[in-house]
Novice: 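I'd like to ask some things about the structure below.
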Number of protein chains: 2
Amino acid sequence: MTEIPNPPTTLAERLQRGNLFAEKCPSRDILTHVTSRWGVLLLVALLSGTHRFSELRRKVGGISEKMLAQTLQWLESDGFVERIAYPVIPPHVEYRLTPLGQEIAQKVESLADWIEVNLPDILAAKRQKAE
Amino acid sequence: MTEIPNPPTTLAERLQRGNLFAEKCPSRDILTHVTSRWGVLLLVALLSGTHRFSELRRKVGGISEKMLAQTLQWLESDGFVERIAYPVIPPHVEYRLTPLGQEIAQKVESLADWIEVNLPDILAAKRQKAE
DNA sequence: GGTGTGTACTTACTATTGGTAAGTATATGT
DNA sequence: ACATATACTTACCAATAGTAAGTACACACC
């Protein structure tokens, strides 16, 4: 068996792994894409399967075409979303999560779900504070 | 007939639980505070205990005082952070997570942690795509 | 055969938000 | 007497997001 005698956080680990508290860490960019206003909603929407551009626009209430395109491009460039374009007219493009995208989308969904479920508690706390 | 047939999800459920895909749902506001650029980092920072304003400023690399104050006010108004001010000079103010804040901060940390751990994979996928 | 519709975008313009730097009041240290 | 530290706020400017319109082309309709 291959032993791992090294301490929990080795130097190598620290260098490889991101550090969000560090200003210029590339993980910050990934995080801003994923946690952007529309990034969160798109990842959750795509968890239920492949969607076309227009399907996503209709599903995610309030998103503009510009931000939909831009956010999908961010997520694609980070390797979370795959874009499949069929060369037909009118255009037909499909978006779906990559394996990496599925993983992160689940984390995001768990957060989003928590908020949805606990909304009554949160709003109740806000109201109490306002008094 | 003007009657509305029974919906699949009950009316009570729809009113109590948030729906992020709906444009005007209040859960959207909570989500934007929590997933804002600095909201994420502050929640994670506060998981390790009570912090003063200036401690947070030093810990979260790159945050400005303006955004630190503003983000803390959002999180406080949502009931995730508690602010304790001691009436001394120079000022002494402490911030800590409420029970509700602890819960959501853990979700956020799990997401942040996933990104930090998987950063090498993500960057590798980006590089491959660039070829 | 002219008009209207649907697709997946991009682009110019404007509104909103974020970042920077400076200001504030006051105790303590040098 | 002057610099330092605290926890902010405020004015100004830069970056980002939202709005509305444009694009190219096939198909259906009358």
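Just so it is clear: chains get the letters A, B, ... in the order the sequence lines come, proteins before strands, and each one is counted from 1. Reckoned from all heavy atoms, side chains included, excluding hydrogens, waters and symmetry mates.
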Novice: Could you note down all residue pairs passing ring-ring contact (aromatic ring centres under 6.0 Å, His included) where residues 77-97 of chain B supplies at least one of them, sequence neighbours left out?
Specialist: B:Y86-B:H92

Novice: With sequence neighbours left out, what residues match A:E109 under side chain to side chain contact (heavy atoms under 4.5 Å, CB included)?
Specialist: A:V44, A:L47

Novice: Whole-Å distance between C:dT16 P and B:Q70 CD?
Specialist: 15 Å

Novice: Can you list every pair that meets ring-ring contact (aromatic ring centres under 6.0 Å, His included) and has a residue in residues 25-75 of chain B, with sequence neighbours left out?
Specialist: B:H33-B:W74

Novice: Under the side-chain hydrogen bond (donor to acceptor under 3.5 Å, both in side chains) test, which residues partner A:D113, sequence neighbours left out?
Specialist: B:R17

Novice: Applying side-chain hydrogen bond (donor to acceptor under 3.5 Å, both in side chains), can you list everything that pairs with A:E103, at least two apart in sequence or on another chain?
Specialist: B:W114

Novice: Name the residue closer to the 5' end of DNA chain D, choosing between A:S36 and B:H92 according to the nucleotide with the nearest heavy atom.
Specialist: B:H92

Novice: Report the distance from atom NE2 of A:H33 to atom C1' of D:dA17, rounded to the nearest whole Å.
Specialist: 14 Å

Novice: Within the 4.0 Å heavy-atom criterion, would you say A:Y95 contacts the bases, only the backbone, or no part of the nucleic acid?
Specialist: sugar-phosphate

Novice: Give, for atom CG of A:L46 and atom CG of A:L72, the distance between the pair rounded to the nearest 0.5 Å.
Specialist: 7.0 Å

Novice: Write down the atom of B:L119, the atom of A:G18, and the distance for their closest heavy-atom approach.
Specialist: CD1-CA, 3.7 Å

Novice: With salt bridge (Lys or Arg N to Asp or Glu O under 4.0 Å) as the rule and sequence neighbours excluded, what pairs involving residues 88-100 of chain B come up?
Specialist: B:E82-B:R96

Novice: Please identify each residue that fulfils side chain to side chain contact (heavy atoms under 4.5 Å, CB included) with A:S77, with sequence neighbours left out.
Specialist: B:K126

Novice: Identify, residue by residue, the members of residues 24-32 of chain B with a heavy atom below 4.0 Å from DNA chain C, and return them in order of residue number, or none.
Specialist: none

Novice: Nearest-Å distance, CD1 (B:I63) to P (C:dG18)?
Specialist: 11 Å

Novice: Mind listing the residues from residues 43-61 of chain A sitting with a heavy atom below 4.0 Å of DNA chain D? Number order is fine.
Specialist: none

Novice: Using a 4.0 Å cut-off on protein heavy atoms (strictly under), produce a 5'-to-3' string for nucleotides 19-28 of chain C with B for base contact, S for backbone-only sugar-phosphate contact, and - for none.
Specialist: BB-----BS-

Novice: Look at B:Q73 and D:dT9 and indicate whether a side-chain polar atom (N or O) is within less than 4.0 Å of OP1 or OP2.
Specialist: yes

Novice: Going by the rule side chain to side chain contact (heavy atoms under 4.5 Å, CB included), which residues pair with A:S110 if we only count those two or more places apart in sequence or in a different chain?
Specialist: B:K107

Novice: Any pair with a residue in residues 34-63 of chain A that passes salt bridge (Lys or Arg N to Asp or Glu O under 4.0 Å), sequence neighbours left out, goes on the list, sorted by first then second residue, please.
Specialist: A:R57-A:E65

